[in-house]
Amino acid sequence: MDGEAKEQRNPAWWGRRAWSLLSAVRARAPLVQCITNLVSMDIAANTLLSAGASPAMVHSLREVPDFTPRCDAVYINVGTLSEDWLPSMRAAASAGRPWVLDPVAAAASGFRMEACLELLALRPAVVRGNASEILALAHRSIAASSNFKGADSSHESVDAVEAAKVLSLSSGAVIAVSGAVDFITNGEQVVGVNNGVAMMQKITATGCAVTALIAAFVAVEPSDALVAAACALAIFGLAGEIGMESSKGPATLRMHLIDALYCLDEETVTSRVKIALQS
């Protein structure tokens, strides 16, 4: 990116872009096929619906040839990975649609790591994970995450930025590292997103849900997956901030977050998303 283009991507530019992409999702209702884990199906589907997208929880290998080519994007999540679902994941990732990978607990087992690396080789548009997952993938070994804690991260997102850049360059995917600050990179640029609240980490599968939202944004902006991912993360985090204003704990936050996502308007989005290029 040259100096002039970089200068244009100020906070106001990001606010307008986030609203533009959310509006495009609402107008076009992209069909997003979700091959996702059993824990996240409900919140992922409701997140997509609240944003204006159309979720399809289709995971049968026999349906992929007929169904996946008609989708606008594909979301693959290995959280409850099984040998039965892996062929469906491979087939959907190879169907020629833009797709997004969530490598949940990539370092939990050799089978899971091998599956993630195999899927990564099928060139997702975006990979979204926590710092430990991205570090493990970047180093291509289970040992890369010696402090493994299930689907939770034992590292801060900033710890994985350099690994994310390397992984992006080697895979061709935009890498999004979730954390207190979300970092998104294409291997050269790094964008930081500062929206969200800590309580969101107490709701199971919020990370899975935001990856589904990234897929919807990629569906309407396939030519710039970095911008799509950053805007989706900011929009979801902003919905969490607004939802927290009326919440007493994780259960009510889950409800109010989905409502807030549905109700977001232009003024709120353009004034409250916090996205910035990192130096």
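Here the options are Thr36, Asn77, Thr80, the test is side-chain contact (heavy atoms from CB on, under 4.5 Å), and the partner is Met41; only Thr36 passes.
Partners of Ala56 according to the side-chain contact (heavy atoms from CB on, under 4.5 Å) rule, which considers only residues two or more places apart in sequence or in another chain, are Leu31, Val58, Phe67. Legend: residues meeting salt bridge (charged side-chain N to carboxylate O under 4.0 Å, His left out) with Arg97, ordered by chain and number and at least two apart, are absent. Contacts of Arg90 classified as salt bridge (charged side-chain N to carboxylate O under 4.0 Å, His left out), with partners at least two apart in sequence or in another chain: Glu118. Remark: Glu83 engages no residue in a salt bridge (charged side-chain N to carboxylate O under 4.0 Å, His left out) (not counting sequence neighbours).
Leu264 CG to Arg26 CZ: the interatomic distance, rounded to the nearest 0.5 Å, is 6.0 Å. One distance of note links CG of Leu117 with CG of Leu122; it measures 11.5 Å at 0.5 Å rounding. Here Ser60 contributes atom OG and Asp84 contributes atom CG; the two are 10.5 Å apart, rounded to the nearest 0.5 Å. With rounding to the nearest 0.5 Å, the separation of OG in Ser23 from CZ in Arg28 is 12.5 Å. Interatomic distance, CG of Leu253 versus CD1 of Ile203, reported as 3.5 Å (0.5 Å rounding). To the nearest 0.5 Å, the span separating CG on Leu226 from CD1 on Ile184 amounts to 6.5 Å.
The cluster map of Ile, Leu, Val, Met, Phe, Trp and Tyr, joined by side-chain heavy atoms under 4.5 Å apart, puts Ile175 and Val74 in the same cluster. Cluster membership check: Ile275 shares its hydrophobic cluster with Leu277, using side-chain heavy-atom separations under 4.5 Å among Ile, Leu, Val, Met, Phe, Trp and Tyr. In the hydrophobic clustering of this structure, Phe236 groups with Ile242; members are Ile, Leu, Val, Met, Phe, Trp, Tyr whose side-chain heavy atoms approach within less than 4.5 Å, directly or through other members.
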* To do: Could you please spell out the steps behind the side chain to side chain contact (heavy atoms under 4.5 Å, CB included) verdict for Ile235 and Phe217?
  => CA-CA 10 Å; Ile235 288 289; Phe217 275 51; 4.1 Å; yes
* **Stepwise side chain to side chain contact (heavy atoms under 4.5 Å, CB included) test for Asn46 and Asp42** => CA-CA 6 Å; Asn46 279 294; Asp42 176 80; 3.3 Å; yes
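The main-chain N or O of Tyr262 is never found under 3.5 Å from a side-chain atom of Ser50 such that the two would form a donor-acceptor pair.
A salt bridge links Arg9 to Asp224: at least one charged side-chain nitrogen sits closer than 4.0 Å to a carboxylate oxygen. A salt bridge is defined here as a Lys NZ or Arg NE, NH1 or NH2 lying under 4.0 Å from an Asp or Glu carboxylate O, and Arg272 with Glu267 fails to meet this definition.
Residue pairs satisfying the side chain to side chain donor-acceptor pair (under 3.5 Å) criterion with at least one member in residues 203-216, sequence neighbours excluded, are listed as follows: Asp102-Thr211, Arg128-Thr211. Under the ring-ring contact (aromatic ring centres under 6.0 Å, His included) criterion, the residue pairs touching residues 69-93 are His59-Trp85, with sequence neighbours excluded.
Of all the heavy atoms in Val64 and Pro69, the pair that sits closest is O-CD, 3.4 Å.
In this structure, the side chains of Met57 and Pro55 come closer than 4.5 Å at one or more pairs of heavy atoms.
Residues Thr268 and Glu266 have side chains that never bring a donor and an acceptor to within less than 3.5 angstrom of each other.
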